[in-house]
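The structure under discussion appears below in the form of structure tokens.
Only a predicted model underlies this, so the values are computations on that prediction, with no experimental measurement involved. Numbering of residues begins at 1 and proceeds along the displayed sequence. Heavy-atom basis, side chains included; hydrogens, waters and symmetry copies ignored.
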Amino acid sequence: DDTFNVSALLPYSLGVLVDGGNPSASDTLNLSGAAGPIVEDLATQTVTGYGAVVSFLGVEHVNLAGAGGAPLTIIATSGNDQLTYIPTGASAGTVILAGQNVVTNFSGINGAFQLAALTGSDQVTVIGTQASETITANFTQVTVGALKSVFYLSVQDLQLVGLAGSDTFNVTPEINT
């Protein structure tokens, strides 16, 4: 049960390695003070945007804190991915990649938030809240009420889950040209 608190700006030109070791159940990496765009690569288990590349192993919870208008991009793998996004606030949310023992939570992301699925046959599921809300989706973006919107790239299957409440779904399909 390790907790690693890492604050930017990290001056290490060769990067930082955070290794939670065993058991792989409850280690947490907290990154704060982003200096620019934040990118988390789930395939390589790295994060940039805090001054140096931060690599993580044996860490099950990654908490990313943005600063200013920093955008966030989470990159999946080159395989067939199932990503779940749960917006939790106007600048916050949670992302889970099925089959990987890492949950990413983010906060303070006032810039754009994007899930990049890359290649393969990829699915993104966006889960709403227990409240009544409007969920709006088009061929590049999903918005759940006043919560953090997600832009998505290279996704073949989009699923929207409203949970409880009287939800309204507005879906605009891609226009083929």
Side-chain angles (χ1 to χ4, degrees), residues 29 31 34 36-50 53-57 59-66 69-177:
L29 169 60
L31 288 164
I38 303 167
V39 178
E40 180 183 26
D41 187 324
L42 296 174
T44 61
Q45 293 193 323
T46 58
V47 178
T48 59
Y50 294 90
V53 175
V54 178
S55 301
F56 57 92
L57 300 168
V59 172
E60 294 76 39
H61 304 279
V62 176
N63 299 319
L64 306 173
L72 169 63
T73 300
I74 297 179
I75 302 170
T77 73
S78 59
N80 300 333
D81 295 316
Q82 293 177 334
L83 292 157
T84 299
Y85 170 53
I86 306 163
T88 58
S91 62
T94 298
V95 175
I96 302 163
L97 173 60
Q100 189 177 54
N101 193 23
V102 176
V103 174
T104 299
N105 298 297
F106 65 84
S107 62
I109 302 299
N110 295 316
F113 167 53
Q114 178 179 10
L115 289 175
L118 300 180
T119 60
S121 180
D122 301 306
Q123 176 187 72
V124 168
T125 301
V126 179
I127 299 176
T129 69
Q130 297 293 333
S132 297
E133 58 210 347
T134 298
I135 299 174
T136 303
N138 62 32
F139 53 94
T140 61
Q141 180 180 11
V142 176
T143 302
V144 177
L147 302 175
K148 186 66 181 172
S149 294
V150 59
F151 291 88
Y152 58 92
L153 177 67
S154 299
V155 171
Q156 289 72 42
D157 182 10
L158 176 65
Q159 295 188 6
L160 307 173
V161 179
L163 298 181
S166 297
D167 298 314
T168 300
F169 292 85
N170 296 321
V171 179
T172 304
E174 180 176 9
I175 300 172
N176 293 326
T177 57

Please identify each residue that fulfils side-chain contact (heavy atoms from CB on, under 4.5 Å) with [X], with sequence neighbours left out.
{"X": "Asn80", "answer": "Ser121"}
{"X": "Thr46", "answer": "Asp41, Thr44, Val53, Ser55"}
{"X": "Leu118", "answer": "Ile75"}
{"X": "Ala70", "answer": "none"}

Output all residues satisfying side-chain hydrogen bond (donor to acceptor under 3.5 Å, both in side chains) with [X], sequence neighbours left out; order by chain, then residue number.
{"X": "Gln123", "result": "Asp157"}
{"X": "Thr77", "result": "Asp81"}
{"X": "Thr125", "result": "none"}
{"X": "Ser132", "result": "none"}

Using side-chain heavy atoms (C-beta onward) and a distance below 4.5 Å, is [X] in contact with [Y]?
{"X": "Thr73", "Y": "Ile38", "value": "no"}
{"X": "Thr134", "Y": "Asn170", "value": "yes"}
{"X": "Asp122", "Y": "Val124", "value": "no"}
{"X": "Leu153", "Y": "Gln114", "value": "yes"}
{"X": "Leu72", "Y": "Leu64", "value": "yes"}
{"X": "Val126", "Y": "Gln159", "value": "no"}
{"X": "Leu29", "Y": "His61", "value": "no"}

Only pairs at least two apart or in different chains count here, so list each ring pair (Phe, Tyr, Trp, His ring centres under 6.0 Å) that has a residue in residues 134-174.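 Qualifying pairs: none.
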
Please give me the minimum heavy-atom distance between Pro87 and Ile127, naming the atom from each residue.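 Shortest heavy-atom separation between Pro87 and Ile127 comes out as CD-O, 3.2 Å.
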
Provide the closest heavy-atom pair for Gln45 versus Val102 in the form atom of the first, atom of the second, distance.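 Answer, listing the atom of Gln45 first, then Val102: NE2-CG2, 3.6 Å.
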
Tell me every residue that passes ring-ring contact (aromatic ring centres under 6.0 Å, His included) with Phe113, counting only those two or more places apart in sequence or in another chain.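 For Phe113, the residues satisfying ring-ring contact (aromatic ring centres under 6.0 Å, His included) (neighbours in sequence not counted) are Tyr85, Phe106.
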
Donor-acceptor contacts under 3.5 Å from residues 160-168 side chains, at least two apart:
unit_1 : atom_1 : unit_2 : atom_2 : d
Asp167 : OD1    : Glu133 : N      : 3.1

Gap separating the CG atom of Leu31 from the CD atom of Glu40, nearest 0.5 angstrom: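 Interatomic distance, Leu31 CG to Glu40 CD, rounded to 0.5 Å: 9.0 Å.
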
To the nearest 0.5 Å, tell me how far Ser107 OG sits from Asn63 CG.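 Reported value, rounded in 0.5 Å steps: 7.5 Å.
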
When the side chains of residues 91-100 are checked against the rest of the protein, which donor-acceptor pairs come out under 3.5 Å, sequence neighbours left out?
unit_1 : atom_1 : unit_2 : atom_2 : d
Thr94  : OG1    : Asn105 : OD1    : 2.7
Gln100 : NE2    : Leu42  : O      : 2.8

